[in-house]
Colleague: 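Before I ask anything, let me first share the structure, which is written out below as structure tokens.
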Amino acid sequence: VRSGNARAIVKVEAQSSDCSPGSQCVHALHVRPANLTPSMVMGARFQKKFTMMNHGRRRFFKLCGAGGAGATAASWGFAPSVAQATLPRQYKLLRAKETRNNCTYGSVGCGMLMYSLGDGAKNAKAKIFHIEGDPDHPVSRGSLCPKGAGALDYIHSDQRLKYPEVREAGTNEWKRISWDEANERIARLLKDDRDANFIEKNDQGQTVNRWLPTGMLASSAASNEPGVLDFRCARAVGMVGFDCQARLCHGPTVAALAPSFGRGAMTNHWVDIKNANVILVMGGNPAEAHPVGFKWAVEAKIHNKAHLMVVDPRFNRTASVADFYAPIRAGSDAAFLMGEVNYLLQNDKIQHDYVKAYTNASLIVREDYSFDEGLFSGYDADKKVYDKSSWTYERDAQGHALKDETLQHPRCVLNLLKKHVERYTPEMVNTITGTQVADFLHVCEQLASTCVPDRTATFLYALGWTHHTAGAQIIRGAAMI
């Protein structure tokens with residue numbers, strides 16, 4: 001093939017789809033003059049045998065001009081960028097500072113690793129750019145729920161309050177002030193109010209040292225040490241109004257668990273849930289509200305073959321992964337639990353060694369104690385208050401409470417409790433709670449199976465009990481079981 005300047009006649013073995021096998025096709029190929037290096041060759045490379053002929057002089061100058069224009073364009077920045085996949089990427093946490101902390105957005109207390117950049121210089125400001133779960137944390141084991149995983153967005157949110165602000169009286173505008181000014185104004189307002197309203201003695205002449213008009217609201221996410229300091233500071237200046245979010249959530253818990261177990265907080269560790277044989281979830285939805293903590297209940301199911309039961313008005317997400325679900329009428333939890341107590345006592349499904357050694361079941365109550373038609377002894381109908389003097393125990397000459405180790409005395413605590421809850425039969429529980437008798441008995445039987453020394457049960461509850469108007473009674477019922 002010849003056209004204009006010199007070209008080459010190339011003879012190749014046809015192996016492409018447009019030529020039949022074994023045939024010969026003729027292809028045109030530009031070839032280099034003898035004085036060009038191989039790197040300057042323009043055109044396709046064929047791994048075939050071919051015959052080359054030299055280019056003409058005019059063609060050579062055209063090729064050189066095109067190459068020079070391409071080099072100039074590349075130097076001006078028109079060259080395509082290198083694909084990111086071809087470049088090694090530096091590990092983003094390589095120069096970061098790692099800080100351990102706990103997530104403050106839930107009761108599980110998940111561990112967090114926060115990574116920040118900043119060399120610690122005087123004018124350098126460290127900035128958190130990555131947050132992840134702490135794999136060494138004993139409870140969360142590297143997991144974070146959506147609240148913890150989204151903490152980085154909270155930190156860098158445009159709506160986050162970063163500086164002190166004040167809204168003067170009579171205005172609706174917030175203005176920024178310095179930290180020094182904020183501390184000075186807070187201290188001055190507190191001092192002036194305390195000087196004007198401090199009560200040293202009451203009307204009876206008793207020293208009370210009260211400061212009533214000002215109160216303090218603290219955080220429930222603080223650790224023990226800041227909590228103690230908050231409490232001491234408030235009490236030292238005479239504050240009576242002292243509150244925190246934990247009181248709102250767990251006031252009924254303290255009122256119920258403290259008389260039962262001696263302390264008003266969670267009675268065991270999250271990790272201990274993995275050892276349970278039976279798990280009863282009422283008044284909560286941990287699979288959705290506390291997913292990281294709920295992993296321990298799932299671990300109990302997988303590794304300990306635990307039986308997970310949910311009693312709730314809704315078929316919630318926890319119920320969807322439970323072994324058994326029973327609906328209940330909202331607000332009737334106390335009757336359900338008293339029915340369980342009645343079942344356990346009537347069928348003698350209690351841990352006798354534990355009950356005798358570690359509870360007041362064997363102590364004998366005073367003879368003038370009674371309960372009739374919903375009222376305990378000592379009630380004053382006019383004042384609507386109780387005289388609780390009859391609610392205590394019979395005592396010997398040394399002032400020690402009398403006890404019956406055989407649990408046969410009619411006025412021992414166990415028998416008085418048995419008489420108190422005998423009205424909560426399965427049929428009565430069905431009438432009050434709406435739960436089917438068969439479902440109620442299934443829950444009772446599963447709990448009863450843990451009365452032996454080598455099996456244990458655990459209750460999981462949350463704000464469905466602690467925020468209930470009868471929360472203290474409900475939680476106390478669970479504590480009895």
Side-chain angles (χ1 to χ4, degrees), residues 81-85 87-168 171-187 216-227 229-230 243-249 270 285-295 317 462-463:
S81 59
V82 181
Q84 292 293 330
L87 297 177
R89 187 176 66 175
Q90 189 183 48
Y91 182 48
K92 71 174 184 178
L93 305 181
L94 185 63
R95 296 182 299 109
K97 176 184 177 182
E98 180 183 281
T99 304
R100 273 185 162 84
N101 206 340
N102 281 350
C103 177
T104 61
Y105 295 103
S107 62
V108 181
C110 302
M112 304 174 76
L113 296 179
M114 304 186 299
Y115 294 89
S116 59
L117 288 178
D119 57 6
K122 181 177 180 180
N123 295 322
K125 293 183 178 180
K127 182 179 181 181
I128 299 175
F129 69 94
H130 179 73
I131 292 178
E132 63 184 43
D134 184 356
D136 295 326
H137 194 276
V139 176
S140 56
R141 298 182 294 182
S143 299
L144 290 175
C145 78
K147 291 181 288 186
L152 189 64
D153 295 331
Y154 306 153
I155 294 172
H156 300 301
S157 172
D158 295 336
Q159 299 179 357
R160 182 185 177 188
L161 184 63
K162 301 179 180 179
Y163 312 100
E165 295 183 357
V166 61
R167 185 177 64 181
E168 303 289 358
T171 68
N172 59 1
E173 179 183 356
W174 289 91
K175 67 177 183 179
R176 177 178 168 182
I177 59 177
S178 67
W179 285 103
D180 290 340
E181 183 180 357
N183 289 328
E184 177 67 26
R185 293 188 64 164
I186 292 172
M216 183 174 182
L217 180 62
S219 168
S220 66
S223 60
N224 287 342
E225 289 76 12
L229 292 176
D230 290 343
D243 204 354
C244 73
Q245 185 267 340
R247 193 276 313 160
L248 178 65
C249 276
W270 276 103
N285 182 16
E288 194 163 4
H290 305 97
V292 178
F294 187 68
K295 288 169 59 176
R317 190 164 294 180
L463 304 189

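Computation of the quantities below employed the complete heavy-atom set of this structure, encompassing side-chain atoms and omitting hydrogens, waters and symmetry-equivalent molecules.
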Colleague: If you round to the nearest 0.5 Å, how far is CG of D230 from CD of E225?
Modeller: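 So the CD of E225 and the CG of D230 are separated by 11.5 Å.
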Colleague: Could you state the interatomic distance from CD (E288) to CZ (F294), rounded to the nearest 0.5 Å?
Modeller: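 Reported value, rounded in 0.5 Å steps: 11.5 Å.
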Colleague: Where the side chain of H137 meets the backbone of G109, is there a donor-acceptor pair that is under 3.5 Å apart?
Modeller: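 Side chain of H137 to backbone of G109: a pair is present.
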Colleague: Tell me, do I155 and F129 make a side-chain contact under 4.5 Å, heavy atoms counted?
Modeller: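 I155 vs F129: side chains apart.
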Colleague: Verify the neighbour count for atom CD of E184: are there more than 12 heavy atoms of other residues, nucleotides or ligands below 6.0 Å?
Modeller: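 Open.
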Colleague: State whether the side chain of T171 and the backbone N or O of E168 hold a donor-acceptor pair below 3.5 Å, judged by distance alone.
Modeller: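 Yes; at least one donor-acceptor contact below 3.5 Å.
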Colleague: Do the side chains of M114 and I131 get nearer than 4.5 Å, heavy atoms only?
Modeller: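 Yes, their side chains come closer than 4.5 Å.
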Colleague: A289 and K147: which non-hydrogen atoms are nearest, and at how many Å?
Modeller: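 Shortest heavy-atom contact: O-NZ, 4.3 Å.
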Colleague: Identify the heavy atoms of G133 and P135 that sit nearest to each other, and give their distance.
Modeller: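 Shortest heavy-atom separation between G133 and P135 comes out as O-CD, 3.3 Å.
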Colleague: Which heavy atom of W270 sits nearest to which heavy atom of H290, and what is that distance?
Modeller: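 Scanning both residues completely, I find the closest heavy atoms to be CH2-CB, 4.4 Å.
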Colleague: Which atom names give the shortest non-hydrogen contact between C110 and S143, and what distance separates them?
Modeller: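 Scanning both residues completely, I find the closest heavy atoms to be CB-O, 4.0 Å.
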Colleague: Minimum heavy-atom separation for S140 to G111, with atom names?
Modeller: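 Of all heavy-atom pairs spanning S140 and G111, the closest is OG-N, 3.1 Å.
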Colleague: Taking atom NE2 of H130 and atom CG of L152, what is their separation to the nearest 0.5 Å?
Modeller: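 Going from NE2 on H130 over to CG on L152, the span is 9.0 Å.
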Colleague: Do the side chains of E98 and R100 get close enough for a salt bridge, i.e. N-O under 4.0 angstrom?
Modeller: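 The answer is yes: the pair qualifies as a salt bridge.
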Colleague: Quick one: closest heavy-atom pair of R317 and N285, and the distance?
Modeller: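 In terms of heavy atoms, the two residues are closest at N-OD1, 3.8 Å.
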Colleague: Any chance CZ of R141 has more than 12 other-residue heavy atoms, nucleotides or ligands included, within less than 6.0 Å?
Modeller: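 Enclosed: over 12 neighbouring heavy atoms sit under 6.0 Å from CZ of R141.
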Colleague: In Å and rounded to the nearest 0.5 Å, what is the SG to CG distance from C244 to L217?
Modeller: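 The CG atom of L217 is 8.0 Å from SG of C244, to the nearest 0.5 Å.
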Colleague: Would a 4.5 Å heavy-atom cut-off, applied to side chains only, mark L144 and E132 as touching?
Modeller: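 No, too far: nothing below the 4.5 Å cut-off.
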Colleague: Roughly how far apart are L113 CG and D134 CG, rounded to 0.5 Å?
Modeller: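 Answer rounded to 0.5 Å: 4.0 Å.
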Colleague: Look at the side chain of H156 and the backbone N and O of I128, then say whether any donor-acceptor pair between them is shorter than 3.5 Å.
Modeller: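 Flag set: sc H156 to bb I128 pair under 3.5 Å.
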Colleague: Drop me the distance from K162's NZ to S157's OG, to the nearest 0.5 angstrom.
Modeller: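 Going from the NZ atom of K162 to the OG atom of S157 covers 8.5 Å.
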